[in-house]
Enquirer: 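I'd like to ask you about the structure that follows.
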2 protein chains.
Amino acid sequence: MKLEDEIQQRAFKNVYQKAHLNVVFTAGWLQQRLAAAFKPHGLTLPQYNVLRILRGQHPKPATVNLLIERMLDKTSNASRIVDKLEAKQLVTRQICPSNRRAVDIRITEAGLELLRQTESLADGQSQGLHNLTDEEAAQLSDLLDKIRD
Amino acid sequence: MKLEDEIQQRAFKNVYQKAHLNVVFTAGWLQQRLAAAFKPHGLTLPQYNVLRILRGQHPKPATVNLLIERMLDKTSNASRIVDKLEAKQLVTRQICPSNRRAVDIRITEAGLELLRQTESLADGQSQGLHNLTDEEAAQLSDLLDKIRD
DNA sequence: TGGGAACCAATGTTGCGACATATAATGTAT
DNA sequence: ATACATTATATGTCGCAACATTGGTTCCCA
């Protein structure tokens, strides 16, 4: 669907304003679909992302600092996201013995199992981009990289 | 900067996953810059967007329903965003005489003045996309439209 | 070795998105 | 006219982003 119809705006000042709005709008559209897919599993997207990072470290622990570094959103409150995951017993928290400022965070077996169950969701959603050819998808990434130069 | 370096991920499963992440990441990057530009003026992006819609209607009033229709984010809480604007005396709220369920919302002179002061901000930010040529920006929009088909 | 800087996580606050529910006013059908 | 559905907005709850601050812990060096 064309952007003009999605949002209620007739015209754009220029192609840059239009592209800007389109990036933001499309990102929201993608994230909303993905969040809806995870919702039945009781996971939000930030929680899912943290679990993925923890699985990547497993069986080694991660610290809050490491989570922040690895997360898309650097300014997010990793500590409180871990709170939620801990309440659901998907992760454990334990003061790091070698540095008592830090906290070792580990994914539990239940957490790993939940990731197994949701294995296909994220990939399946990325396939929503299959209306693009491989070449177009690569081109899109290049254009986006260029924006942030 | 290349996406691989921005987020701490070596490889992507395929070009679709990479494009997906890139759209989301770039949108966040754009929105963050824009929000930072408005912050000194005491406006958040949702508040700014509501003010713009109200200016578009001015001197006619808008209702909450109309705001929701026009906003990028359909599920946002327009009512509470209007609360904040009203507290700052940038808008007025008045029960609609002809339909007492509805509420007439109008931008004040102070609101109009604030929009004048911030006139150049949004456009200036869209120009952050000027590392793209006109053609590339148009191409980007086309690719994004295609994703949502 | 004592004291300040640097570090790590947690917590407090504000504003928003998502979603459910409440409340009031209006429309409609009998 | 009364009952019921519909409409318009407001409110409550939860989770998150953004940002500031706090409280311990460790580091470092004078």
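Throughout, a chain's letter reflects where its sequence line sits, starting with A, and its residues are numbered from 1. What you are looking at is a predicted structure, and each value in this text was computed from that prediction instead of being measured.
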Enquirer: Taking only side-chain nitrogens and oxygens of S76(A), does any of them come within less than 4.0 Å of OP1 or OP2 of dA18(D)?
Expert: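 Answer is no, no contact under 4.0 Å.
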Enquirer: With sugar-phosphate meaning primed atoms plus P, OP1 and OP2, does I81(A) contact a base, only sugar-phosphate, or nothing at under 4.0 Å between heavy atoms?
Expert: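 Here I81(A) touches the backbone only, sparing every base.
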Enquirer: Using atom CZ of F25(A) as one end and atom P of dG17(C) as the other, report the distance to the nearest whole Å.
Expert: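 The distance from CZ of F25(A) to P of dG17(C) comes to 14 Å, rounded to the nearest Å.
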Enquirer: Measure CD1/I95(B) against C1'/dA10(D) and give the value in whole Å, please.
Expert: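 Atom-to-atom, I95(B) to dA10(D), this comes out as 12 Å.
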Enquirer: When you match S98(A) and Q47(A) each to their closest nucleotide on DNA chain D, which lands nearer the 5' end?
Expert: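 Nearest-nucleotide comparison on DNA chain D picks Q47(A).
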Enquirer: What are the residues of residues 53-66 of chain B, sorted by number, that bring a heavy atom to within less than 4.0 Å of DNA chain D?
Expert: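 Going residue by residue through residues 53-66 of chain B, the ones with a heavy atom under 4.0 Å of DNA chain D turn out to be T63(B), V64(B), N65(B).
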Enquirer: Nearest-Å distance, CD1 (I68(A)) to C1' (dC19(D))?
Expert: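 Roughly 13 Å, once rounded to whole Å.
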Enquirer: More 5' along DNA chain C: G28(A) or V103(A), using each one's nearest nucleotide?
Expert: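 Going by which nucleotide is closer to the 5' end, it is V103(A).
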Enquirer: Within the 3.5 Å criterion, strictly below it, is a donor on E113(B) or Q117(B) matched to an acceptor on the partner's side chain?
Expert: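 Yes, Q117(B) and E113(B) have a side-chain donor paired with an acceptor closer than 3.5 Å.
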Enquirer: Any heavy-atom pair between the side chains of N14(A) and D134(B) that's under 4.5 Å?
Expert: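 Sidechains of N14(A) and D134(B): no contact.
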Enquirer: 5'-most contact on DNA chain D: V82(B) or A78(A), nearest heavy atom basis?
Expert: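 Here V82(B) is the residue nearer the 5' end.
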Enquirer: According to a strict under-4.0 Å criterion, is T75(A) in side-chain N/O contact with OP1 or OP2 of dC19(D)?
Expert: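 No, outside the criterion.
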Enquirer: Round to the nearest Å and state the distance from D73(B) atom CG to dC16(D) atom P.
Expert: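 To the nearest whole Å, that distance equals 17 Å.
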Enquirer: On a heavy-atom basis, which atom in M71(B) and which in A78(B) lie closest, and how many Å separate them?
Expert: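 For M71(B) and A78(B), the tightest heavy-atom pair comes out as CE-CB, 3.6 Å.
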Enquirer: Does K74(B) make a side-chain N or O approach to OP1 or OP2 of dG17(C) shorter than 4.0 Å?
Expert: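 No, K74(B) has no side-chain N/O under 4.0 Å of OP1/OP2 on dG17(C).
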Enquirer: To the nearest angstrom, how far is L67(A) atom CG from dA10(C) atom P?
Expert: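 Distance check: L67(A) CG to dA10(C) P gives 10 Å.
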Enquirer: Does the N77(A) side chain pair with the main chain of S79(A), one donor and one acceptor, at a distance under 3.5 Å?
Expert: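 No, the answer is negative, given that no donor and acceptor are paired below the 3.5 Å cut-off.
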Enquirer: What's the shortest heavy-atom distance between N131(A) and R148(B), and which atoms?
Expert: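 Minimum heavy-atom separation between N131(A) and R148(B): ND2-N, 4.5 Å.
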Enquirer: Give me, pair by pair, the N or O atoms of the protein and of nucleotides 20-24 of chain D that are less than 3.5 Å apart, along with how far apart they are.
Expert:
none

Enquirer: Expressed as a whole number of angstroms, how long is the span from K84(B):NZ to dT13(C):C1'?
Expert: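 Interatomic distance, NZ of K84(B) to C1' of dT13(C): 12 Å.
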Enquirer: Please determine whether the number of non-hydrogen atoms from other residues, nucleotides or ligands lying under 6.0 Å from atom CD of Q89(B) exceeds 12.
Expert: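 Counting neighbours around CD of Q89(B), 12 or fewer heavy atoms of other residues, nucleotides or ligands fall under 6.0 Å, so no.
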Enquirer: By the definition side-chain hydrogen bond (donor to acceptor under 3.5 Å, both in side chains), identify the one residue from K88(A), K84(A), R52(A), H41(A) that meets it with Q47(A).
Expert: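 With Q47(A) as partner, side-chain hydrogen bond (donor to acceptor under 3.5 Å, both in side chains) holds for just one option, K88(A).
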Enquirer: Can you spot which of T26(A), L129(A), N22(A) makes a side-chain contact (heavy atoms from CB on, under 4.5 Å) with V23(B)?
Expert: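 Running side-chain contact (heavy atoms from CB on, under 4.5 Å) over T26(A), L129(A), N22(A) with V23(B) returns exactly one hit, T26(A).
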Enquirer: Measure CD/Q32(A) against P/dC16(D) and give the value in whole Å, please.
Expert: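 In whole Å, dC16(D) P and Q32(A) CD are 16 Å from each other.
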Enquirer: List in chain and number order the residues that pass ring-ring contact (aromatic ring centres under 6.0 Å, His included) with F38(A), two or more places apart in sequence or in another chain; answer none if no residue qualifies.
Expert: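 Testing F38(A) for ring-ring contact (aromatic ring centres under 6.0 Å, His included), a comparison that skips the adjacent residues, returns Y48(A).
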Enquirer: Quick check: closest heavy atoms across Q139(B) and L143(A), and the distance to 0.1 Å?
Expert: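 Heavy atoms only, the tightest pair is OE1-CD1, 4.1 Å.
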Enquirer: Applying a 4.0 Å non-hydrogen cut-off, can you work out what N99(A) is touching in the nucleic acid: base, sugar-phosphate, or nothing?
Expert: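 Counting heavy atoms under 4.0 Å across all strands, the contact made by N99(A) is with sugar-phosphate only.
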Enquirer: Nearest whole angstrom, please: distance from the P of dG17(C) to the CD of Q31(B).
Expert: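 Roughly 11 Å, once rounded to whole Å.
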